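Here is the structure we will look at.
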Amino acid sequence: MKNKKHYEVADIMELIKISNEFIERNRRVYERLAAGIPTQGIIDSLVPELVNLYGDHVIQINQYESGESYITLAILVSNDYDISAHKLISAARQRLLEKYNNQYGDATLSIMEYQYSIIINPEVHHSQAHAIRKGKVLWKRTDRHYILNILIPELVNLYGDYVMQIVQYAASLADISLAILTGSNLDDYERALIYRQRRGIERKYDDMYEAGALTIIEYSYDLVVNPEAHDPVADMLRGGEILWKREENKDESK
């Protein structure tokens, strides 16, 4: 007895529906192209508006490929961008969207918000994150004071009770060179545990700006505050700017 082959017959109505959706999507694309939408002009006008709107919350703006619109932008925001901040901004952002979509046609522009720390993390694997990472960086924050305001709390939290001072010093190795002055109770094992996380922080800011933007070193607090310790690195760090210091060491650091 011969084996009978079983075939599944596609739903003809479903095929028609898919075909019609494809045709309609292509029609909209061709209409936009025929209309000559000034993509670069829109971006040049829009990006400063978005930077002004989001203020210190925005870290980076990327343009990426998406079927949702002709121009799709990702606003990569800081971790302090919470529901309250979103509510304050959302209405104004919607007005910006409507302004361009009313002028050039529906689905000309869409703007999405994402946390920078999640998107830039290579261990986060999902299609949206990959698309944004592969996109074009239109704007990124390069203000040194902004970087330090976010970075210093991260370092204080990482080093905990071991950090006595954080000093910014002049060096040609990086745009921002920081020294973490640690107490003598930080042993080699604890230092090794911290090292990997510290390197992760350095890579994060290098990815955000450019390679070599940030350098972080550790050094002995006791050597730096002791004027009799004639050490070239300690001498250099004494001439740096103290960005943070533990309050109980206030008198020693003068």
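For clarity, every value in this text was computed on a predicted model and none was experimentally measured. Along the sequence shown, the residues carry numbers beginning at 1.
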With a sphere of 6.0 Å drawn around [atom1] of [X], does it hold more than 12 non-hydrogen atoms of other residues, nucleotides or ligands?
X      : atom1 : answer
Ile83  : CD1   : no
Asp161 : CG    : no
Lys136 : NZ    : no

Distance-only side-chain donor-acceptor flag, [X] / [Y], under 3.5 Å:
X      : Y      : result
Glu218 : Tyr195 : no
Gln103 : Asn101 : no
Tyr114 : Gln128 : yes
Ser110 : Tyr70  : no

With a 4.5 Å limit on heavy-atom distance, are the side chains of [X] and [Y] in contact?
X      : Y      : answer
Ile59  : Lys140 : no
Leu53  : Leu96  : yes
Leu178 : Leu243 : yes
Leu50  : Val58  : no
Leu155 : Ile216 : yes
Thr215 : Ile217 : yes

Could you list the donor-acceptor pairs under 3.5 angstrom formed between side-chain atoms of residues 180-189 and any protein atom two or more places apart in sequence or on another chain?
{"residue": "Asp187", "atom": "OD1", "partner": "Tyr189", "partner atom": "N", "Å": "3.2"}
{"residue": "Asp187", "atom": "OD1", "partner": "Glu190", "partner atom": "N", "Å": "2.8"}

Do [X] and [Y] belong together in a cluster built from hydrophobic side chains that touch within less than 4.5 Å?
X      : Y      : result
Val224 : Val233 : yes
Leu88  : Val51  : no
Ile242 : Leu223 : yes

Nearest 0.5 angstrom please: [X] [atom1] to [Y] [atom2], how far?
X      : Y      : atom1 : atom2 : answer
Leu138 : Leu73  : CG    : CG    : 6.0 Å
Ile152 : Ile150 : CD1   : CD1   : 11.0 Å
Ile71  : Ser66  : CD1   : OG    : 12.0 Å
Tyr159 : Met164 : OH    : CE    : 13.0 Å

Presence of salt bridge, [Y] and [X], under 4.0 angstrom:
X      : Y      : result
Glu49  : Arg93  : no
Glu202 : Arg199 : yes
Glu65  : Lys134 : no

Applying ring pair (Phe, Tyr, Trp, His ring centres under 6.0 Å), can you list everything that pairs with His86, at least two apart in sequence or on another chain?
none
Of all heavy-atom pairs between [X] and [Y], which one has the smallest distance, and what is that distance?
X      : Y      : result
Gln63  : Thr39  : NE2-CG2, 4.4 Å
Asn79  : Ser117 : OD1-OG, 2.8 Å
His57  : Asp80  : ND1-OD1, 3.3 Å
Tyr64  : Ala131 : CB-O, 3.5 Å
Val137 : Gln60  : CG2-NE2, 3.6 Å
Ile43  : Pro48  : O-CD, 4.3 Å

Please lay out, stage by stage, how Ile111 and Thr72 fare under the test side chain to side chain contact (heavy atoms under 4.5 Å, CB included).
CA-CA 6 Å; Ile111 302 172; Thr72 307; over 6 Å; no
Would you check if the side chain of [X] reaches a backbone N or O of [Y] as a donor-acceptor pair within less than 3.5 Å?
X      : Y      : value
Arg246 : Gln165 : no
Ser45  : Ile42  : no
Arg133 : Ile120 : no
Asn226 : Asp222 : no
Asn62  : Gly135 : no

Once the angle between the rings of Tyr54 and Tyr81 is folded into 0 to 90°, is it parallel (under 30°), tilted (30 to 60°) or perpendicular (over 60°)?
tilted
Run the side chain to side chain contact (heavy atoms under 4.5 Å, CB included) test on Ile61 and Leu76 for me, step by step, so that the C-alpha distance in whole Å, both residues' side-chain angles and the decisive distance to 0.1 Å come before the verdict.
CA-CA 6 Å; Ile61 300 176; Leu76 305 185; over 6 Å; no
Before you tell me yes or no, could you show the steps for Asp231 and Tyr219 under side-chain hydrogen bond (donor to acceptor under 3.5 Å, both in side chains), namely the whole-Å CA-CA distance, both residues' side-chain angles and the distance that decides it to 0.1 Å?
CA-CA 11 Å; Asp231 175 275; Tyr219 214 72; 2.5 Å; yes
Let's go through Trp244 and Val163 carefully: what are the C-alpha distance in whole Å and the side-chain angles of both, what is the deciding distance for side chain to side chain contact (heavy atoms under 4.5 Å, CB included) to 0.1 Å, and is it a yes or a no?
CA-CA 9 Å; Trp244 182 92; Val163 60; 3.8 Å; yes
Any chance you could lay out the side chain to side chain contact (heavy atoms under 4.5 Å, CB included) test for Val77 and Tyr116, step after step, and finish with the verdict?
CA-CA 5 Å; Val77 296; Tyr116 173 84; over 6 Å; no
